[in-house]
Asks: 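Structure in structure tokens, see below.
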Amino acid sequence: MTTHAPQAANTVTLPGSLDEAVEALAAMPAAVPVAGGTDLMAAVNSGLLRPAALVGLGRISEIRGWQYQDGHALLGAGLTHARMGRPDFAALIPALAAAARAAGPPQIRNAGTLGGNIASAAPTGDALPVLAALEATLIVAGPGGSRREIPVGHLLAGFEMLGPGELIGYVRVPLLHAPQTFLKATGRTGPSRATASVAVVLDPARRHVRCAVGAVAPMPLRPLDAEAWVSSLIDWDGERTLAPEACAAFGEYVAAACIPDPAPEPVLEAAQSPQHGEPGTTLPPAVLHLRRTVATLARRALGRALA
């Protein structure tokens, strides 16, 4: 598992069911659950983590697939990115499949899991903005066979946390049967961590556009005002098209909401203060570039969803 033997776990438990895994974690509070291990082993090998014990989740078949449930897809937390990237899954939840295909090189996609992406809660996690835009909920398994639901946004924002012995078992995602897109920008060509990512999903039943921006903050951001504004422009009973200018304005709206101007510094004379929002006067060049990147991604994602 690692070439740094002194940092390896002393105990490795391999339960065969979700409840057995919960029992193992409850019996060993210092144990760390591991599925694909793409983030965990990187932390171990770099010396940032020294787990006393590991609870391996790879043998739990019940969380490695999905099923339909009351207009939702119930996704097992053990689903790998590679499995979610396949055509049959893409027909079910296109944006999540696109995020899974963009998650990294083949060795990462083959090992990394949906539950691990959520539990790690890395700002650059590709699945996270998609799950936020879809308003997914987590089904958490606890001691004694208990189950409880948490909105994915609550966990990522720290409003609700996993308790001792609890594990993410499933992710409940609404099946919207409407276009949805995921786009991301990276710092180099090929599979890489996102510098910014945007998920856009259409919800015709609620006549609403949902958007989430990833990698620019510790958690995915929902520009709710931009969502409401663009939703009011769409003819939901017609062709659901928008003029290019409206898509561009949406992109700028999203970018400004997620990367706002800093509060102006007090000055002695009002004439010395730069105009609010004037390009190059309130934000450093790198931040302005990031804002433009988010605006471009949001504009393109909305355009593709409406195409």
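Note that this is a predicted model, so its numbers are computed, not measured.
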Asks: What I want to find out is whether Glu166 reaches Arg148 closely enough, with some N-O distance under 4.0 Å, to be called a salt bridge.
Replies: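 Yes, Glu166 and Arg148 are salt-bridged.
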Asks: What pair of heavy atoms forms the shortest contact from Ser146 to Pro143, and how long is it?
Replies: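 Scanning both residues completely, I find the closest heavy atoms to be OG-O, 3.1 Å.
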Asks: Ignoring hydrogens and geometry, is there a side-chain-to-backbone donor-acceptor pair from Glu160 to Leu155 under 3.5 Å?
Replies: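 Pair absent, no side-chain N/O of Glu160 close to backbone of Leu155.
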Asks: Give a yes or no on whether Arg304 atom CZ has more than 12 heavy-atom contacts from other residues, nucleotides or ligands under 6.0 Å away.
Replies: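 Result for CZ/Arg304: open.
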Asks: Would you say that Tyr253 contacts Pro223 through its side chain, given a criterion of any heavy-atom pair below 4.5 Å between the two side chains?
Replies: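 Counting from C-beta outward, Tyr253 and Pro223 never come under 4.5 Å.
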Asks: What pairs meet the side-chain hydrogen bond (donor to acceptor under 3.5 Å, both in side chains) rule with one or both residues in residues 120-141, with sequence neighbours excluded?
Replies: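 Output for this query lists Asp39-Ser120, Thr124-Arg193, Asp126-Lys184, Glu135-Arg206, Glu135-Arg222, Thr137-Glu149.
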Asks: Measure the shortest side-chain to side-chain distance between Gln107 and Thr38 over non-hydrogen atoms and say whether it is less than 4.5 angstrom.
Replies: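 Of all side-chain heavy-atom pairs linking Thr38 with Gln107, none is under 4.5 Å.
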Asks: May I ask you to say whether Arg207 pairs ionically with Asp235, meaning some side-chain N is under 4.0 Å from a carboxylate O?
Replies: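 Here Arg207 does not pair with Asp235 in a salt bridge, since their nearest N and O are not under 4.0 Å apart.
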Asks: For the side chain of Ser46 and the backbone of Ala43, is there at least one donor-acceptor N/O pair under 3.5 Å apart?
Replies: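 Indeed, once roles are kept as given, a pair shorter than 3.5 Å links the two residues.
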Asks: Within this structure, what is the CD-CE distance for the pair Glu23 and Met28, rounded to the nearest 0.5 Å?
Replies: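 Reported value, rounded in 0.5 Å steps: 11.5 Å.
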Asks: With clusters defined by side-chain heavy atoms of hydrophobic residues (ILVMFWY) lying less than 4.5 Å apart, directly or transitively, does Leu25 cluster with Tyr170?
Replies: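 Tyr170 and Leu25: one cluster.
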Asks: Compute the centroid of each ring, for Phe89 and then for Trp66, and state whether the two points are separated by less than 6.0 Å.
Replies: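 Distance test on ring centres: under 6.0 Å, yes.
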Asks: Can you measure from OG (Ser231) to CH2 (Trp236) and round to the nearest 0.5 angstrom?
Replies: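 Between Ser231 OG and Trp236 CH2, I get 5.5 Å after rounding to 0.5 Å.
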Asks: Do Leu114 and Met219 sit in one hydrophobic cluster, given that two such residues count as connected whenever their side-chain heavy atoms are within less than 4.5 Å of each other, even indirectly?
Replies: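 Yes, Leu114 connects to Met219 through the hydrophobic network.
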Asks: Out of curiosity, Gln69 CD to Leu75 CG, how far, rounded to the nearest 0.5 Å?
Replies: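 Interatomic distance, Gln69 CD to Leu75 CG, rounded to 0.5 Å: 11.0 Å.
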Asks: Could you state whether Val209 and Phe182 fall into the same hydrophobic cluster, counting links through intermediate Ile, Leu, Val, Met, Phe, Trp or Tyr residues with side-chain heavy atoms under 4.5 angstrom apart?
Replies: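 Unlinked, Val209 and Phe182 end up in two clusters.
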Asks: Restricting to non-hydrogen atoms, name the atom on Ala194 and the atom on Thr186 that form the minimum distance, rounded to 0.1 Å.
Replies: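 Looks like CA-CG2, 4.3 Å.
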Asks: Check Asp88 with Arg83, please: is the shortest side-chain N to carboxylate O separation under 4.0 Å?
Replies: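 The answer is yes: the pair qualifies as a salt bridge.
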Asks: Say you draw a straight line from OG1 of Thr113 to NE2 of His81; how long is it, rounded to the nearest 0.5 Å?
Replies: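 Nearest 0.5 Å value for the OG1-NE2 distance: 6.5 Å.
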Asks: Is the side chain of Arg291 donor-acceptor paired with the backbone N or O of Ile259 at a distance under 3.5 Å, no angle test?
Replies: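 At least one qualifying donor-acceptor pair exists.
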Asks: Linking I/L/V/M/F/W/Y whenever any side-chain heavy atoms sit under 4.5 Å apart, do Leu57 and Leu74 land together?
Replies: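 Cluster IDs for Leu57 and Leu74 match.
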Asks: With rounding to the nearest 0.5 angstrom, report the CG to CD1 distance, Leu14 to Ile60.
Replies: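 Rounded to the nearest 0.5 Å, the CG-CD1 separation comes to 9.5 Å.
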Asks: So, the side chain of Arg109 versus the backbone of Gly104: is there a donor-acceptor pair under 3.5 Å, distance only?
Replies: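 Answer holds: yes.
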Asks: Do Val55 and Val34 make a side-chain contact, defined as non-hydrogen atoms from C-beta onward lying under 4.5 Å apart?
Replies: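 No, too far: nothing below the 4.5 Å cut-off.
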Asks: Measure the shortest side-chain to side-chain distance between Leu167 and Val140 over non-hydrogen atoms and say whether it is less than 4.5 angstrom.
Replies: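 No, too far: nothing below the 4.5 Å cut-off.
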Asks: Show the nearest heavy-atom pair for residues Ala90 and Arg101, with the distance to one decimal.
Replies: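 For Ala90 and Arg101, the tightest heavy-atom pair comes out as CB-NH1, 3.9 Å.
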Asks: Please check this pair: side chain of His72 against backbone of Asp70, looking for a donor-acceptor N/O pair closer than 3.5 Å.
Replies: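 Answer holds: yes.
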Asks: If I compare all heavy atoms of Thr293 with all of Ala196, which pair ends up nearest, and what's the gap?
Replies: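 Heavy-atom minimum between the residues: CG2-CB, 4.2 Å.
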Asks: So which heavy atom on Met161 is nearest to which on Gly158, and how close?
Replies: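 Of all heavy-atom pairs spanning Met161 and Gly158, the closest is SD-CA, 3.6 Å.
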Asks: Report the distance from atom CG of Leu131 to atom CG of Asn117, rounding to the nearest 0.5 Å.
Replies: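 Between Leu131 CG and Asn117 CG, I get 8.0 Å after rounding to 0.5 Å.
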Asks: Going by salt bridge (charged side-chain N to carboxylate O under 4.0 Å, His left out), name the residues that satisfy it together with Arg64, two or more places apart in sequence or in a different chain.
Replies: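 Once residues adjacent in sequence are excluded, Arg64 has no partner under the salt bridge (charged side-chain N to carboxylate O under 4.0 Å, His left out) criterion.
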Asks: Can you find a pair of side-chain heavy atoms, one from Leu221 and one from Val216, that are under 4.5 Å apart?
Replies: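 Yes, side chains in contact.
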Asks: Quick check on the hydrophobic clustering: are Leu176 and Met84 connected, directly or via other members, by side-chain heavy-atom contacts under 4.5 Å?
Replies: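 As far as the 4.5 Å side-chain criterion goes, Met84 and Leu176 are connected within one cluster.
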Asks: Might you point out which heavy atoms bring Thr181 and Ala301 nearest each other, and give the distance in Å?
Replies: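 That closest heavy-atom pairing would be OG1-O, 3.0 Å.
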